[in-house]
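Along the sequence shown, residues are numbered consecutively beginning with 1. Values in this document were obtained by computation on a predicted structure and should not be read as measured data.
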Amino acid sequence: MRMMPATSTKLGPAACEKDAEKLEFIEEMTTKADEVQEKVLAEIMSQNGATEYLQRYKLGGATDRETFKSKVPMVTYEDLQPEIHRIANGDRSAILSACVYVAGLDKGKGLYFLFVKSESKTPGSLPARPVLTSYYKSHHFRTRPFDPYNVYTSPTAAILCADAFQSMYSQMLCSLLDRLAVLRVGAVFASGLLRAIRFFQLHWQELAHDIAAGRLSSKVTDPAVRDAVAEVLKPDPVLAEFIVSECAAEDWAGIITRIWPNTMYLDVIVTGAMAQYIPSLEYYSGGLPMTCTMYASSECYFGLNLRPMCKPSEVCYTIMPNMAYFEFLPLDAAAGSPPQLVDLADVEVGKEYELVITTYAGLYRYRVGDILHVTGFHNAAPQFRFVRRKNVLLSIESDKTDEEELQRAVERGSELLKPWGASVAEYTSQADTTVIPGHYVIYWELLVREGEGGRWPEKEALEACCLEMEEAMNTVYRQSRVADASIGPLEIRVVRSGTFDELMDYAIARGASINQYKVPRCVTFPPIIELLDSRVVELHFSPACPNWTPHPN
């Protein structure tokens with residue numbers, strides 16, 4: 001096979017020979033997708049064949065695809081909870097996995113707001129933290145070799161600082177000091193980048209003062225962060241005056257390109273639930289392109305966007321067959337029939353599937369919960385558009401709240417209305433991202449039994465309902481509220497009596513069947529949100545943060 005020149009590949013021109021090798025690797029993997037998948041599965045089964053979980057299915061040492069499919073069932077997180085709890089409680093035996101892992105762009109810099117999150121510990125003393133926090137704290141990240149394409153304005157010490165304010169302040173300050181070298185601006189999620197912009201809007205005066213004086217704010221107390229910033233912070237009254245001139249009028253349109261004028265694009269995830277942030281990013285960036293480079297989750301890396309500069313609405317990901325063993329559950333399968341999983345190479349263009357993975361780390365036929373739409377193929381590897389998370393109603397950042405969890409929260413909050421002789425007659429919700437940080441909005445239509453001694457709940461009672469609902473949310477939500485402030489206080493909007501009847505009338509007028517109509521538990525359609533907001537009689541916010549206790553580092 002004739003090798004292409006280093007500067008030219010099937011995917012387009014490469015910047016250097018090293019990049020050309022990476023592009024050729026992608027071509028090789030996607031051309032032999034089914035063959036690679038078979039090899040990946042055999043490696044996973046060989047590596048983990050002696051685990052308690054796989055021994056349960058009496059595979060007899062087999063590593064082939066047919067035996068695997070016939071004997072190992074498809075599972076969800078709930079199915080694996082007993083095994084996960086054993087691991088969390090300290091069981092070190094080979095339960096799921098046989099081994100555990102333990103600890104032009106080259107001419108400029110990337111401004112990436114990267115953060116670790118506070119962590120807790122399981123009863124068995126294992127750290128419980130998001131996968132990116134594990135990566136940033138790893139030896140691999142902290143001692144990563146120099147790469148001209150991945151030079152950050154943020155010092156590593158600032159990224160590793162668990163205090164959200166100190167980390168954000170020092171990262172923002174360093175990015176301003178190096179503003180002319182910044183060629184791309186990003187964060188993991190679109191919501192994270194918007195949170196950084198909001199932080200700049202609130203603290204630009206303090207930042208300008210520090211730059212003018214050449215001294216870091218006393219609010220930053222972490223010694224490692226102070227030492228790292230001291231290496232680059234010198235008095236610069238000209239830069240400070242520039243920041244004041246750009247911000248004093250509080251005109252934030254195009255602020256990214258005004259402050260960091262050489263920025264070529266934004267590097268953020270804007271697919272799925274993050275798509276709601278696209279208009280705000282366009283406003284703040286002056287219409288810069290937005291790139292979504294990869295598709296991944298805590299369980300596994302899945303694929304790459306081979307056209308990273310495409311429009312957000314056109315983003316599709318090519319599944320890399322060497323990352324895990326992939327299967328797909330068709331969404332159009334006949335009701336009641338046993339699920340027939342489809343191999344990676346056999347999915348059909350135009351159809352939607354739920355992603356099912358088998359990983360080296362010990363997940364077997366695990367339903368990730370992502371719904372994907374097949375848009376085409378690159379060589380023999382399918383390309384997918386991310387459609388949505390299965391059953392997820394509300395999401396601001398990394399939080400994911402489904403209908404069952406929301407129902408439990410509403411039930412728990414509404415218990416506080418009983419002393420008033422009141423109850424929740426109907427409810428729905430939305431993830432409000434018109435403010436930063438975004439927050440959950442729950443619309444309540446109340447029923448007050450006035451003839452039975454009931455009375456309208458007071459402000460403090462409804463605020464307590466907000467907090468009680470937050471206490472019922474999952475740990476990721478509560479961490480985002482308490483440790484990261486990436487989600488704002490939950491809000492109850494009380495609507496007048498009869499609002500949900502009007503909502504049904506609106507749906508029927510648009511063609512819904514009166515016999516099959518159900519109140520939507522989450523709304524995103526602007527006219528429906530406008531209808532609900534026009535009927536609001538009271539607004540109430542959670543008066544405090546819910547309980548969430550980090551493990552001290």
Verdict with supporting geometry, Y366 and V356, side-chain contact (heavy atoms from CB on, under 4.5 Å): CA-CA 5 Å; Y366 178 80; V356 179; 5.7 Å; no

Lys/Arg N to Asp/Glu carboxylate O, D79 vs R367, below 4.0 Å: no

Lys/Arg-Asp/Glu bridge criterion (N-O < 4.0 Å) met for K400, E405: no

Partner of Y295 under ring pair (Phe, Tyr, Trp, His ring centres under 6.0 Å), chosen from F384, F302, F326: F302

Check against side-chain hydrogen bond (donor to acceptor under 3.5 Å, both in side chains), Q171 and S167: CA-CA 6 Å; Q171 290 191 58; S167 178; 3.0 Å; yes

Over-ring placement of R144 relative to F141, 6.0 Å and 45° cut-offs: yes

CA sep, side-chain torsions, deciding dist, call: F189, S398, side-chain contact (heavy atoms from CB on, under 4.5 Å): CA-CA 8 Å; F189 295 113; S398 55; 4.1 Å; yes

side-chain hydrogen bond (donor to acceptor under 3.5 Å, both in side chains) assessment of Q383 paired with H378: CA-CA 7 Å; Q383 296 180 308; H378 179 76; 4.8 Å; no

Candidate pair Y265 and M290, rule side-chain contact (heavy atoms from CB on, under 4.5 Å), full reasoning: CA-CA 6 Å; Y265 62 89; M290 303 175 202; over 6 Å; no

Heavy-atom neighbours of Y301 OH exceed 12 at 6.0 Å: no

Centroid-centroid under 6.0 Å between Y443 and Y427 rings: no

Derivation of the side-chain hydrogen bond (donor to acceptor under 3.5 Å, both in side chains) call for T51 and N48: CA-CA 5 Å; T51 59; N48 296 325; 5.8 Å; no

Distance, nearest 0.5 Å, that separates OG1 of T359 from CG of L96: 9.0 Å

Presence of salt bridge, K351 and E348, under 4.0 angstrom: yes

Salt-bridge criterion met for R65 and D34 (N-O under 4.0 Å): yes

Student check: side-chain heavy atoms of Q47 and Y360 closer than 4.5 Å: yes

E470, E468, E471 screened by side-chain hydrogen bond (donor to acceptor under 3.5 Å, both in side chains) with R412, the one that passes: E468

From M168 atom CE to Q166 atom CD, the distance as rounded to the nearest 0.5 Å: 13.0 Å

Carboxylate-amine/guanidinium contact R389 D370, below 4.0 Å: yes

K39 bridged to E35 by N-O distance under 4.0 Å: no

Heavy-atom side-chain proximity of L490 to M473 below 4.5 angstrom: yes

Separation of I87 CD1 from L80 CG (nearest 0.5 Å): 9.0 Å

Trace of the salt bridge (charged side-chain N to carboxylate O under 4.0 Å, His left out) decision for E404 with R521: CA-CA 10 Å; E404 182 179 355; R521 292 311 180 200; over 6 Å; no

Validation row: L355, F328 side chains within 4.5 angstrom (heavy atoms): yes

Heavy-atom side-chain contact between T291 and N305 under 4.5 Å: no

Pairwise side-chain contact, S486 with S191, heavy-atom cut-off 4.5 Å (strictly under): no

cation_pi(R195, F115) dist<6.0 Å, angle<=45: yes

Distance (rounded to the nearest 0.5 Å) between L114 CG and S154 OG: 6.5 Å

Steps toward side-chain hydrogen bond (donor to acceptor under 3.5 Å, both in side chains) verdict (Y325, D343): CA-CA 9 Å; Y325 183 70; D343 285 329; 3.0 Å; yes

Side-chain heavy-atom pair F377, T318 within 4.5 angstrom cut-off: no

Atom pair CG/OG1 of L54 and T63 - distance to nearest 0.5 Å: 11.5 Å

Aromatic ring proximity Y57/Y364, centre distance under 6.0 Å: no

Steps toward side-chain contact (heavy atoms from CB on, under 4.5 Å) verdict (R86, I95): CA-CA 9 Å; R86 284 176 55 195; I95 300 173; 3.7 Å; yes

Y317 side chain near T271 side chain, heavy-atom distance below 4.5 Å: yes

Pairwise side-chain contact, V268 with C292, heavy-atom cut-off 4.5 Å (strictly under): no

